[in-house]
Protein chains: 2
Amino acid sequence: MDDGHIPSSSQSPWLPFESRRRARDEKREAVLRTAVALFLEQGYHGATLNEVARRLNITKPALYNYFRGKDEILYECWSIGNELVDDCIAETSASTGSGLSKLRKLIVRYAELMTEDYGKSLVRFDLRDLSEDNRKIVQTAKRRIDGAFRDYIAEGVEDGSVKPCDAKLAAFAIAGSLNWIGHWFQPGGEMTGRAVAEEFAIRLTEGIATTATRKTARKAAVPAAEKADKPPRNGNAPREDESEHHTRAAARAAGQSKRARGRLR
Amino acid sequence: MDDGHIPSSSQSPWLPFESRRRARDEKREAVLRTAVALFLEQGYHGATLNEVARRLNITKPALYNYFRGKDEILYECWSIGNELVDDCIAETSASTGSGLSKLRKLIVRYAELMTEDYGKSLVRFDLRDLSEDNRKIVQTAKRRIDGAFRDYIAEGVEDGSVKPCDAKLAAFAIAGSLNWIGHWFQPGGEMTGRAVAEEFAIRLTEGIATTATRKTARKAAVPAAEKADKPPRNGNAPREDESEHHTRAAARAAGQSKRARGRLR
DNA sequence: CCCGTATATTACCCGTGGGTAAAAAATAGT
DNA sequence: ACTATTTTTTACCCACGGGTAATATACGGG
């Protein structure tokens, strides 16, 4: 009778526990995915927890097994987006090149983030809907992001790849343009998120790049991350960014595991 | 004009108990001024009509003599901002010059609007809080504004003042940058709204202009050194914007009179 | 088979705030 | 001064939705 199906339980006593914890995390994430989509779709105040639950085929109180309340769900959505931004910055900072080159890399990654749900949550959600503590965390993180843009610009000014300019205002101009993507972009349009991102990287740095001598500016200034030397008419050659996707995915997974997990009561 | 008395409160037609004999329209406008400030300060959902009324030294039901409901107040706030934008576009369109020149003018005016309450209401308020009808009106108006940017860019491309580019995306980039001003600018900072506006007009067109704006660009590029000690150069003096203020004020008054006024029950 | 734990459901509470009816106060006209 | 109209207040309703307590169900281990 010892057909021994499902050996997992007999072999490792703590594996079931692990699998259960994993299942729990997966449910938690499912809640967040649903919530972020609904919040973006109907607005935080327009969306109800009943509707979130309904889309998950559960009922509202079940959500409270994973989150303390609505505002915590909002915060967690934002938190995931923030981790993705952190990854962008980390990857960019780790790269070598001029300040301008780093700036362009950050713009591409950040812009593409703004075309995704969790990225949008960074700019579409209202700080005032968060608890006092979480609001402070978000504000600090926002300053950090702004600082990254500013630092790259300043770095570019020093190494000569960027024209002398007010780094603060230039960063506001660039970041504002990018953040606004999160307000108008919706998948299914004529351009993919990546296409928008790369176009913006060029457009937003054309004005401050020193090498902006007419047409040569583009090609010379964007050698590494740019494959647009071919007419930007076709969206082919999605190959060179494979490594980036790998890195992105890995960092994201790591981020998730390291993020504060749902209260294990 | 000078209603100088009782410095304790701001400008409320209801101030003390008597002397409540002002025109209906003025009261209506006072409500909107208070409401737009509160909505921006606490968010539409965070702000209550009770608080709006309290700041005006009246009670909530009194508001319903001038507006049908909260969402109509929101719409009227937006509507005033929209009229101001319309004025910007009209003035710009009436001016002569290259497409680039018009674009810059529009940017300056639009940017400065974004530093004011009614301008901010254009980009900080959520369409979904409006009634179905009003939402459609707003959406149409938004497209019109976007179209103005796009048209000037296209015009500039044709007359050679602007480099060939995707007008749609360029407009998104510029308008996004400007709209974001409405999210971060608050009076009392180190820069005035006008200063920000002029800086942005240069920065945002540097990338797409065919003629590099030498001197203006240079001036803008070295703000840190002499930004503080630089009063308006030449004889323009601090009142060089008088004409525009005149135009603005006149147009605004006209707009108010032509805007649908409070339901005359 | 039973028990303990985690998870989910039913049923409910209740604070909030938009909105309203009716009375009161102010205002204007004659 | 009296009346008609507008404006404002007092007092109230109630829908909505976040949140909770009590209960039921699923499940793994002994």
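The basis for the numbers below is simple: all heavy atoms, side chains too, and nothing from hydrogens, waters or symmetry mates. Every chain is numbered from 1 and lettered A, B, ... according to where its sequence line falls, protein lines coming before strand lines.
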Once you round it to whole Å, what is the distance between [atom2] of [N] and [atom1] of [X]?
X	N	atom1	atom2	result
B/Q42	C/dT16	CD	P	15 Å
A/I73	D/dG19	CD1	C1'	12 Å
B/L56	D/dT9	CG	P	11 Å
A/L63	C/dT9	CG	P	10 Å
A/R54	C/dT10	CZ	P	15 Å
A/N65	D/dA21	CG	P	13 Å
B/D25	D/dT7	CG	P	11 Å
B/R28	D/dT8	CZ	P	14 Å

**Q.** Check: A/T140 side chain, A/K136 main-chain N or O, donor-acceptor pair, under 3.5 Å
**A.** yes
Q: Verify the neighbour count for atom CZ of B/R144: are there more than 12 heavy atoms of other residues, nucleotides or ligands below 6.0 Å?
A: no
Q) Of all of residues 126-135 of chain B, which get a heavy atom below 4.0 angstrom from DNA chain D, listed by number? A) none
Q: If a pair satisfies salt bridge (Lys or Arg N to Asp or Glu O under 4.0 Å) and one of its residues is in residues 40-49 of chain B, list it, with sequence neighbours excluded.
A: B/E41-B/R55
(Q) Can you tell me which residue among A/L38, A/T34, A/L56 is in a side chain to side chain contact (heavy atoms under 4.5 Å, CB included) with A/E51? (A) A/L38
Q) Of the non-hydrogen atoms in A/L122 and A/K142, which two are nearest, and what is the gap between them? A) O-NZ, 3.0 Å
For [N] and [X] - does any side-chain N or O of the residue sit under 4.0 Å from the phosphate oxygens OP1/OP2?
X	N	result
A/K27	C/dA8	yes
B/R24	D/dT6	no
A/T59	C/dA8	no

Q.
Would B/K120 and B/F39 count as a cation-pi pair here, with the cationic atom under 6.0 angstrom from the ring centre and within 45° of the axis?
A. no
Q) In the 5'-to-3' direction, what one-character label does each nucleotide of nucleotides 17-22 of chain C receive under the scheme B = base within less than 4.0 Å of a protein heavy atom, S = sugar-phosphate only, - = no such atom? A) SBBB--
Q | Under-4.0 Å salt bridge between A/K168 and B/E190 | A | yes
Q.
Please determine whether a side-chain nitrogen of the Lys or Arg among B/K105 and B/E91 lies less than 4.0 Å from a carboxylate oxygen of the Asp or Glu.
A. no
Q) Does the side chain of B/Y110 pick up a donor-acceptor pair with the side chain of B/N179 at under 3.5 Å? A) yes
